[in-house]
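Read the structure below first, then the notes.
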Amino acid sequence: MSGTPGGATAVADRPEAARTRAATLTPWRPPPSRAVIARCVQVVGALDAVFAVLPSWHHRMASMAHLLPTAGMVTARTATAVVGVLLVYLGAGLRRGKRRAWQLAAWLCGLSIGLHMLKASPAPAVVSAVLLLVLIVERHRFRARGDVGTRWRALGVCAGFIGTGFLLGLVEVALRAGQIAGAAGPLQWAQHVALGMVGVTGPLRFDHPATTTAVDLTTGAFGLLGFGVGAVLLLRPCTRRAGWADGEEARVRDLLACHGDADSLGYFALRRDKSFIWAPSRRAAVAYRVVNGVSLASGDPLGNPAAWPDAIAAWLSDCDAHGWTPAVLACSTTGGTAYRRLGLDVIELGDEAVLDVPGFSLQGRPMRTVRQAVARTRRAGYTVEVARQRDLDDAVLDEARTCAGAFRHSSVERGYSMALSRFGETGDGDCLVVLCRDGEGRVRGLLQFVPWGESGLSLDLMRGDRSAENGITELMITSAVEFAAASGIRRISLNFAMLRSVLARAEQLGAGPVTRLWARILRAFSGWWQIESLYRANAKYQPQWQPRFLCFPSARDLPRIAVAALSAEAFLPSGRRRSEDERRCG
């Protein structure tokens, strides 16, 4: 099926028109001045933290002793170090244009000026003043919205620490009431503790200087802890609760029906933890999920390629409005080209194994391993049932659903970009289910393939009983290919092999030392992420390798994107476990 959802084929559907449309859109790039300001804030913060611990402050403290209490200067020194660390932390938020990060940075710069003056350090105070002026002048660069829920959580944590510190300070003063010089009641106690929490010496005087220092350190530490933790929580990246608006699922299914042949990962956009950003024409959309401040899309945009630039531009605009880092996992060459035209950088992530169904055969020496495994399992009495999910009766589907959970090797459902993460739901009737039974009729393995347009299948689920005969996977895949050939299906996408080209080049004659070293590193990580094993498992079927790419704004964002991707794929803990941790953004 081709053309627009309404049935008419438009001139804009042509690839040439799509390229022309992409050229009219401005490539997305964060303002360069924003990155410069963020770097300056981090540098000033680092200098504040370093200068706060340099020994020269002892000499200035002696010269200022007749003007300021010693405890006040000690607290100012400690507070300067905390402010410096917070400024360094704020740099990431400023680079993403977070309005709240700008507000905190401006406030901390003003505080830094006062603290440096208390420490008799005019030069750093001037630097902080200049930085504050720059922040005020460039305030229009920082417009990314914050999260209302995070604001109240940060306020609650800050109030909790400050309240605890206030109570502990009162208890400490009460226990040392006998050492207070002169008459003082509970009101003066509370005033002393409250002032101590902001670094100011209160009205109480103790007989022993050590007692004064102990009380000031207790109150000052809890004050700094409360404000510091509150600031960190305030800048935590917000997410967006995944969900579909009314009619979105039907609209996405219409796009897949019209344009689903383009991308083998298109059907995985129907995961429940994804949201959609639509082109103004509603003819294309980007499916994504926000993880730790990264808006993580996967595969190519959905729908008409002519409308992809509008959908991508809308998604990038949404990322900019919320201060999220845009990233795309496992897009094809066509999708990667579209994302690159809109300003993202692209690197190869790995290769997808695609079987050509009409050309697939078990004959020949390269297929000997698969042929022997199929013959061995058939001799052992294993049989395979292949059917669309809608054609399975309820009893068989319930049995398959039970086995899908029982054969899972961990308590976590892994996958994001190439996994549906569900089995047996009513809306997935077009999925192909492959069940392998032993001689006694028990299910010992299963596969699920999702539709890839009208003439393809994409592997979603592959599970088996570890006690079953070795080779049931080969038997199930071969049976699925036989079913596909009889049903007019021409392509089957198997697993994704990350960085396959590196492993393949390392095996070639004359491979260089860098390639061999890189391959050794990948093999070392294969124990956790099955990098080499997935490559070997796919390669024995002699597939066609289709490259898949990672799109990202800049190289410095790659570590953040890697953590978000591993969290989304459930290789690292993420907030996905508890939906109540997901926060709406304003």
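- Checked against salt bridge (Lys or Arg N to Asp or Glu O under 4.0 Å), Glu482 has the following partners two or more places apart in sequence or in another chain: Arg378.
- Residues forming a salt bridge (Lys or Arg N to Asp or Glu O under 4.0 Å) with Arg490 (at least two apart in sequence, or on another chain): none.
- The salt bridge (charged side-chain N to carboxylate O under 4.0 Å, His left out) contacts involving residues 471-480 comprise Glu474-Lys540, where partners must be two or more places apart or lie in separate chains.
- Salt bridge absent: Arg401 and Asp428 never bring a charged side-chain N and a carboxylate O closer than 4.0 Å.
- Taking the six-membered ring for Trp and thresholds of 30 and 60 degrees, Trp278 and Phe276 have ring planes inclined between 30 and 60 degrees apart.
- Under the ring pair (Phe, Tyr, Trp, His ring centres under 6.0 Å) criterion, Tyr339 pairs with Trp315, sequence neighbours left out.
- Salt-bridge check for Glu399 with Arg442: failed, with every basic side-chain N at 4.0 Å or more from each acidic carboxylate O.
- Judged purely by atom type and a 3.5 angstrom limit, Arg95 has no side-chain atom pairing as donor or acceptor with the backbone of Ala35.
- In this model, a donor atom of one side chain and an acceptor atom of the other lie less than 3.5 Å apart for Ser493 and Glu352.
- In this structure, Lys274 is positioned above the aromatic face of Tyr416, its NZ or CZ under 6.0 Å from the six-membered ring centre and within 45° of the axis.
- Look at Glu425 and Arg422 and you find a salt bridge, because one of the NZ, NE, NH1 or NH2 atoms lies within 4.0 Å of a carboxylate O, short of that distance.
- Listed by chain and number, the residues in a salt bridge (Lys or Arg N to Asp or Glu O under 4.0 Å) with Asp430 are Arg390 (sequence neighbours excluded).
- With 3.5 Å as the limit, one finds a donor-acceptor pair spanning the side chains of Arg548 and Ser264.
- The salt bridge (Lys or Arg N to Asp or Glu O under 4.0 Å) search around Asp391 returns none, not counting sequence neighbours.
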